[in-house]
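One structure below.
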Amino acid sequence: MTDPFGEGGLGELESPLYREALAQLDRVAGVMGLDDNIHARLRVPQRATVTTFPFRREGYYEVETVFAYRVQHVLTMGPTKGGIRYAPDVNLGEVAALAMLMTWKTSLMSLPFGGAKGGVRVDPTVLTRPEVQRLTRRYTAEMINVIGPDTDIPAPDMGTNEQVMAWIMDTYSQHVGHAEPGVVTGKPPELGGSVARREATGRGLVSLLPAATTHLGFEVEGSRVVVHGFGNVGQYAALAAHEMGALVVAVSDVTGGIYNSKGLDIPQVQEWVTENGTLSGYPDVDMVSNEELFELECDILIPAAVGGVITRDNADKITARLIAEGANGPTTVDADDILRERNIFVIPDILANAGGVTVSYFEWVQDLQNFFWSEGEIVARLREIMGSAFEEVLNISINEGYDMRTAALVKGIRRVARAKLVRGVYP
Ligand code: GLU
């Protein structure tokens, strides 16, 4: 095997998250005895598009230029799939790492996709709605030959939402001359979007908790839950856990965390955030910092915001027995070793947060067939797919002696490796 990176570091893919993604792949490739040629191939993405483009700010003559990316990691399994994030620190290496995670995730869930991810290096919180619209339409135009219902299907990720997906669908459709709902998922239902997509990641994650807690010998009802992040994933995970009878004792957002040992009233917290934009100022609770949040006494910890938050500095201080990862890449490889030594049961990101891409898959299938399912059908199919993926990962973990993260990665990587071997090398 010749390593595609040669001796020169990670070149243009250099970034902390890409290093983490590679360290994870290399570790698992070693324990599962992955074919050397396939291992080398999977260390790099197949296609990466880097573009810079201008968009108009509110002052007509104020034009800002930004970097934007779309990375497709594996094209072997079908079209590629993955979200688009708008964040001020997005870079090629980060997007490539997240695309790699999407490959493992879609493969683990047996979806007919390879992994992709997109991003724009911009802070969406300082942009007006028309600015976000112009930015999104130009991003779509730049990627017009890259994305498509048969090639690469974006979806929401950090900093993007249903409205952004609607603008992508509209711009793409204007370019091809007819409505093309299947180009993107996570759209509003009026455009062929799926009901229950927004809640799917958080709710899908919580649907795994009963099986995980039963395995560990406790119950979700009455257990103490801490959620890091109150965006699309954290909010619905907190709500679903609350509805299941858990005490959600703390949640947080970028402004910090709120804590109540008797459990927070999550629907009320949601209302507050809808009205005020952030958790800041929420009454009758103790304030905690995002750092303190990870050390709070609890049974279940759900990191559901940015990556790289569970590190070797705080992994020792976590009290939870169960960690369910709503975010992508929340645990560094170092921290993961500590969690493994401490015997903390982890439902890894590629399994725990796979509800989002699974309902995205349903949405895409419905768009291609112009035949739409009921909410009950979507939720039932989601639960079934999530539940059986969890059981399979748990079985691999028990039968082959791996921790849950390794087992999930082994299952995901194995399927991609087999597909690559039977397709062979062209020409
Ligand atoms: N951005 C989400 C993820 O990281 C969803 C991707 C999708 O629905 O395609 O899984």
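It should be emphasised that the depicted structure is a prediction, and the values quoted were computed from it without experimental measurement. Whatever order the structure lists ligands and atoms in, that order sets their numbers, starting from 1.
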I'd like to know if [X] contacts ligand 1, where contact means a heavy-atom distance under 4.0 Å to any ligand atom.
| X | answer |
| --- | --- |
| Gly82 | yes |
| Lys105 | yes |
| Arg85 | no |

Check the pair Asp35, Lys420 against salt bridge (charged side-chain N to carboxylate O under 4.0 Å, His left out), reporting the backbone distance first and the verdict last. CA-CA 11 Å; Asp35 176 284; Lys420 283 200 169 289; over 6 Å; no
For atom 5 (C) of ligand 1, the protein heavy atom that lies nearest, with its residue and separation: Arg197 NH2, 3.5 Å
So which protein heavy atom does atom 9 (O) of ligand 1 come closest to, and at what separation?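 Among all protein heavy atoms, the one nearest atom 9 (O) of ligand 1 is Lys81 NZ, 2.8 Å.
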Hey, which atoms in ligand 1 end up nearer than 4.0 Å to a heavy atom of [X]?
| X | result |
| --- | --- |
| Gly83 | 1 (N), 6 (C) |
| Met102 | 3 (C), 4 (O), 6 (C), 10 (O) |
| Lys117 | 1 (N), 3 (C), 4 (O) |
| Ser360 | 7 (C), 8 (O), 9 (O) |

Please work out which of Pro156, Ala155, Ala99, Ala354 has its closest non-hydrogen atom nearest to atom 2 (C) of ligand 1.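 Minimum heavy-atom distance to atom 2 (C) of ligand 1 goes to Pro156.
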Strictly by modelled atom types, are [X] and [Y] linked by a side-chain donor-acceptor pair under 3.5 Å?
| X | Y | result |
| --- | --- | --- |
| Asn290 | Ser252 | yes |
| Arg312 | Thr332 | no |
| Gln133 | Arg137 | yes |

Where on [X] is there a heavy atom closer than 4.0 Å to ligand 1, on the side chain, on the backbone, on both, or on neither?
| X | result |
| --- | --- |
| Leu98 | neither |
| Glu363 | neither |
| Met109 | neither |

Search all heavy atoms of Ala250 against all heavy atoms of Tyr259 and return the closest pair with its distance. CB-CD1, 3.9 Å
Side chain of Asn161, backbone of Val164: donor and acceptor closer than 3.5 Å? yes
Ring-plane angle category for Phe345 and His215, please: parallel below 30°, perpendicular beyond 60°, tilted otherwise.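 Phe345 vs His215 ring planes: tilted.
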Arg198 atom CZ, over 12 foreign heavy atoms within 6.0 Å: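 Not buried by this count: 12 neighbours or fewer within 6.0 Å.
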Less than 4.5 Å apart, side chain to side chain, heavy atoms only: is that true for Val422 and Arg418?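 A side-chain contact is absent here, since even the closest heavy-atom pair is not under 4.5 Å.
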